[in-house]
Amino acid sequence: MASLPSMVLKAVLNNPHTITTKPRAKQLHAQIVKHKGLSSTSLSFILSIYADLNLLRESLLVFNALPSPPFVAWKSIIRCYTSHGLFAESLASFSRMRAFGKYPDHNVFPSVLKSCAFLMDSRLGEAVHGCVVRLGVDCDLYTGNALMNMYAKFRSLGGNGGIRGFADEVLDEMSQRVNRGNVMRQMDDHESCLDSGPEMYQLNSSGQNEIGSLEIRREACCQRDSVRKVFDMMPKRDVVSWNTVIAGNVQSGMYGEALAMVRAMGNANLRPDSFTLSNVLPIFAEHVDVHKGKEIHGYAVRHGFDTNLFIGSSLLDMYAKCARVADSYRVFHMLPQRDGISWNSIVAACSQNGMFDEGLKFFRLMLKDDVKPGPISFSSIIPACSHLTSLHLGKQLHGYIMRARFDDNVYIASSLVDMYAKCGKIEKAKCIFSNMELHDIVSWTAIVMGCALHGHALDAISLFEKMQMEGVKPTYVSFIAVLTACSHAGLVDEAWKYFNSMTQEFKINPGLEHYAAIADLLGRAGRLEEAYDFICSMPSEQPSSLWSPLMTACRVHKNVELAEKVAERILRVDPESIGAYVQMSNIYSAAQRWKEAAKWKVSMKQRGFKKKPACSWIEVRNRVHAFLSGDTSHPYYSKINEALEVLLEQMEKDGYKPNTSEVLHDVEEEQKKQLLQHHSERLAIAFGIISTPPGTEIRIIKNIRVCTDCHEAIKFISKIVGREIIVRDNSRFHHFKDGKCSCGDYW
DNA sequence: GTAGGGTTAG
């Protein structure tokens, strides 16, 4: 290494910031040792350079060589620990420094406060705050900012009772002192000049009225919180101070206040920067206010922030939460580079908007881009497997999750519970659920809904009760789950009990889904008129989706007159309802009123409506095979047909009698049997039987309800082939085993 | 000394 001339060394010593690389620092270290020896001063000097470069190893080596480190050395090592995320070490050094009788100053407090914040050590944080005040450092800008940040973090986790009490004390004392010194800043100066902000004023002029007026009024009644008190006491504030207090407001849901502060910030002649924008964007995402979000986007573009990674993922997320995925795509593709968070954001954007295939595509692209998926990536992509019922993919991801030890993450575990339940593996879902250390409302809801879909109504109900015994309050969604459970098992009284407790005890306004569950339940139970009246009792206009299950119930219970009334209701709100036409023609066919059935069919044709064909899917060796009713196109069709013939023969010996009343065509009896024999689920099941080893369970997904004859037939088949056959139709799972179905023939 | 992404919905 070339020797540094002593002139240069002198220049460097006067201006250490010219050392910007590790080799240069090491070179300087050698030179200093050579020329100046191992004095405490020279070692502290080189230590501060290492600390500035964030070189922990080197800093520690130098620090440990100091028998009694001077104050500057302590400062360097504390700063270095904090910026390496070694917060406990940072605080330990702080205590040791104090034990050596060294007094901290404004350079060291920000690091110490940050460490307290990360470790959520409120007691120490309070003590440090006291120390700050006693040493008179409380008017330092950086220290004030760090204090606010710390209090905001404490508040966001677990309230602020004790902290507020302490901060109040300290701050009141400060306030008196400031008052005496006659340099009091007006507590509310930011409010008196709210109306004159530059660009951001327009941006938010109406936002406060719509979003925040209530919160502002409520907040005005409360005492100022610790963050705000520190802010109000600060003699000098910069953009970081404003951003910190704004972020604190957003974290505690005080959106109105946050937006008002953005305006006030403009008044203090400070321009909102990228931090400000990424603080306020989630407000518009949560309030689904794409107009305000777009204005922020405009501001970001005008100020060149739109290519900032943080702003990019916030914008992308805001558009996704406002159901504008196309705009999310645009933002994503505009980003000059992407990190794990931008990838996670685009994956979540797709997943949250029902675009599961696209979500998977982005997930794969992310892997291709060498970005390692983290816990959040998995909690965003697992729901795609649930919705696509891709057990194969879900299992692969679960394997990765276990290897990466992400399985104790509550978001991931909940999504896995849901995935296994939706893919037909309810026992696996239950197993993951019971292995979870902590259950939140989402994981409880996922397992209750899983049990509901598999017809395990009593399990669903007892889990729902257990949840409440463990102090978890049911929510809107969890009531949907428990009502669904009741509905699938015909538990009318229990359903009413939950519906009433939801509205009366928990003050939750029933939504469409709750009405749908009750109406469906009454319909399935054959209480058709009651269901009709219940739907009519709904305060707002009833959408056709509420009536459709009742229509099905009318068909099952053969009530043509009510069906006519229901059809009229449906067509009133949705004249294009193909379902109503199909159902009416089916209902008349079932009643052998062929003429009327034909009338509905004809008018359907005239309107150009096409019936959704019945379809069943089965996954065999990682490939999905789809079958339509009467489908002969599968390459193994003749073998499938052969298998069905053999099965039919055995089934008839065992006592199976085809129920041709389900065939809604005006054809001969023998032809009806043939039609039943080739329903899509039977083709799929026969294919599953001939293409998998004996004993393998068979999982089928179907887009419409299983007909009663197929339901009966599959029971026989399960016994003959000695296999479990799991069929998911459009509303639930049926597990066929040993000639019985888990639904107990109620579905 | 400040910032972005996640799970449940017949």
Side-chain angles (χ1 to χ4, degrees), chain A residues 82 106-107 109-111 113-114 117 140-150 152 238-248 250 273-282 285 305 308-318 320 339-349 351-352 374-383 386 409-419 421-422 440-450 452-453 475-481 483-488 511-521 524 545-546 548-549 729-732:
Chain A
T82 302
H106 64 96
N107 282 322
F109 280 121
S111 295
L113 291 166
K114 186 180 179 178
D140 174 60
L141 177 64
Y142 278 48
T143 305
N145 289 345
L147 271 172
M148 286 195 293
N149 182 46
M150 179 184 77
D238 67 356
V239 188
V240 177
S241 326
W242 285 90
N243 286 341
T244 307
V245 79
I246 289 165
V250 175
D273 67 359
S274 64
F275 284 81
T276 326
L277 301 196
S278 67
N279 281 329
V280 296
L281 271 169
F305 298 141
N308 172 304
L309 264 185
F310 285 79
I311 301 295
S313 43
S314 300
L315 279 170
L316 199 166
D317 180 60
M318 181 275 297
D339 65 359
I341 296 184
S342 17
W343 280 108
N344 286 345
S345 305
I346 193 71
V347 170
S351 241
Q352 289 162 353
I376 296 186
S377 323
F378 288 101
S379 52
S380 307
I381 200 61
I382 294 284
S386 319
N409 177 307
V410 66
Y411 288 82
I412 292 183
S414 307
S415 67
L416 283 172
V417 167
D418 180 62
M419 186 273 289
K422 292 242 171 68
D440 64 355
I441 182 63
V442 177
S443 48
W444 281 109
T445 307
I447 194 66
V448 172
M449 184 57 93
L453 292 180
T475 56
Y476 186 95
V477 185
S478 63
F479 274 110
I480 297 175
L483 288 175
T484 304
C486 298
S487 150
H488 285 318
L512 197 57
E513 301 92 334
H514 307 105
Y515 274 95
I518 298 275
D520 187 40
L521 171 59
R524 284 171 200 266
S545 62
L546 255 186
S548 304
D729 67 12
N730 56 346
S731 76
R732 61 168 298 157

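Labels below follow one simple rule: chain letters A, B, ... track the order of the sequence lines, proteins then strands, and each chain is numbered from 1.
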When all nucleic acid strands are considered with a 4.0 Å heavy-atom cut-off, which category describes A:Thr475: base, sugar-phosphate, or nothing? nothing
Which one, B:dT2, B:dT8, B:dA9, comes nearest to the side chain of A:Asp273? B:dT2
Measuring from the side chain of A:Ser415 (C-beta onward, heavy atoms only), which nucleotide among B:dT2, B:dT7, B:dG4 has the closest atom? B:dT7
Between B:dG4, B:dT7, B:dT8, which nucleotide has the shortest distance from any of its atoms to the side chain of A:Tyr411? B:dT7
Between P on B:dA3 and NZ on A:Lys114, what's the gap in Å once rounded to a whole number? 9 Å
For a quick check of understanding: with a heavy-atom distance under 4.0 Å over all strands, which category does A:Ser314 fall into, base, sugar-phosphate or nothing? sugar-phosphate
Please give, in whole Å, the distance from B:dA3 C1' to A:Asp238 CG? 15 Å
Give one of base, sugar-phosphate or nothing for A:Val410, where a contact means two heavy atoms less than 4.0 Å apart. base
Would you mind telling me which of B:dG6, B:dG4, B:dT8 lies closest to the side-chain atoms of A:Ser278? B:dG4
Which nucleotide in the set B:dA3, B:dT7, B:dG6 lies at the smallest distance from any side-chain heavy atom of A:Ile412? B:dG6
With heavy atoms under 4.0 Å as the rule, sort A:Ala516 into base, sugar-phosphate or nothing. nothing
Ignoring the backbone of A:Gln352, work out which of B:dT8, B:dG4, B:dT7 is nearest its side chain. B:dT7
Under the rule for ring pair (Phe, Tyr, Trp, His ring centres under 6.0 Å), what residues qualify as partners of A:Phe479, not counting sequence neighbours? A:Phe464, A:Phe506
Specify the separation, in whole Å, of atom CG of A:Leu315 and atom P of B:dA3. 18 Å
The side chain of A:Asn279 is closest to which nucleotide in this list: B:dA9, B:dA3, B:dT8? B:dA3
Centroid under 5.5 Å and tilt under 30°, A:Phe275 to B:dT2: yes
All ring pair (Phe, Tyr, Trp, His ring centres under 6.0 Å) counterparts of A:His106, not counting sequence neighbours: none
I need the CD-C1' distance between A:Glu513 and B:dT8, as an integer number of Å. 12 Å
When you measure from the side chain of A:Arg732 to the backbone of A:His488, do you find a donor-acceptor pair of N or O atoms at a distance under 3.5 Å? yes
Strand-adjacent residues in residues 374-383 of chain A, judged by heavy atoms under 4.0 Å from DNA chain B: A:Pro375, A:Ile376, A:Ser379, A:Ser380, A:Pro383
A:Trp444 CH2 - B:dA9 P separation (whole Å): 17 Å
Classify the nucleic acid contact of A:Asn149 as base, sugar-phosphate or nothing, counting any heavy atom under 4.0 Å across all strands shown. sugar-phosphate
Residue pair A:Met449 / A:Ala481: nearest heavy atoms and the distance that separates them: CE-CA, 3.6 Å
In whole Å, what is the span from the CG atom of A:Leu113 to the P atom of B:dT2? 10 Å
Looking for any heavy atom pair under 4.0 Å, which part of the strands does A:Leu141 touch: base, sugar-phosphate only, or nothing? base
Is A:Ser345 touching bases, backbone alone, or none of the nucleic acid, heavy atoms closer than 4.0 Å? sugar-phosphate
What's the closest nucleotide to the A:Val442 side chain, out of B:dG4, B:dT8, B:dT2? B:dT8
Could you pull out all residues at least two apart from A:Trp343 that satisfy ring pair (Phe, Tyr, Trp, His ring centres under 6.0 Å)? A:Phe332
Could you state the atom-to-atom distance from CG of A:Leu281 to P of B:dG4 in whole Å? 11 Å
B:dG4 base / A:Asn308 side chain donor-acceptor hit below 3.5 Å: no
Could one point to a donor on the side chain of A:Thr244 or the base of B:dT2 with an acceptor on the other under 3.5 Å away? no
Side chain to side chain donor-acceptor pair (under 3.5 Å) partners for A:Ser111, two or more places apart: none
Closest non-hydrogen atoms of A:Ala146 and A:Pro110, given as atom of the first, atom of the second and distance, are CB-CA, 3.7 Å
Between B:dT7 (C1') and A:Asn409 (CG): distance, integer Å: 9 Å
What nucleic acid atoms does A:Leu309 come within less than 4.0 Å of, heavy atoms only: base, sugar-phosphate, or nothing? base
So, is A:Lys422 near the phosphate of B:dA9, with a side-chain N or O under 4.0 Å from OP1 or OP2? yes
Excluding sequence neighbours, so at least two apart, what forms ring pair (Phe, Tyr, Trp, His ring centres under 6.0 Å) with A:Phe275? none
Check: A:Ser487 side chain, A:Leu483 main-chain N or O, donor-acceptor pair, under 3.5 Å: no
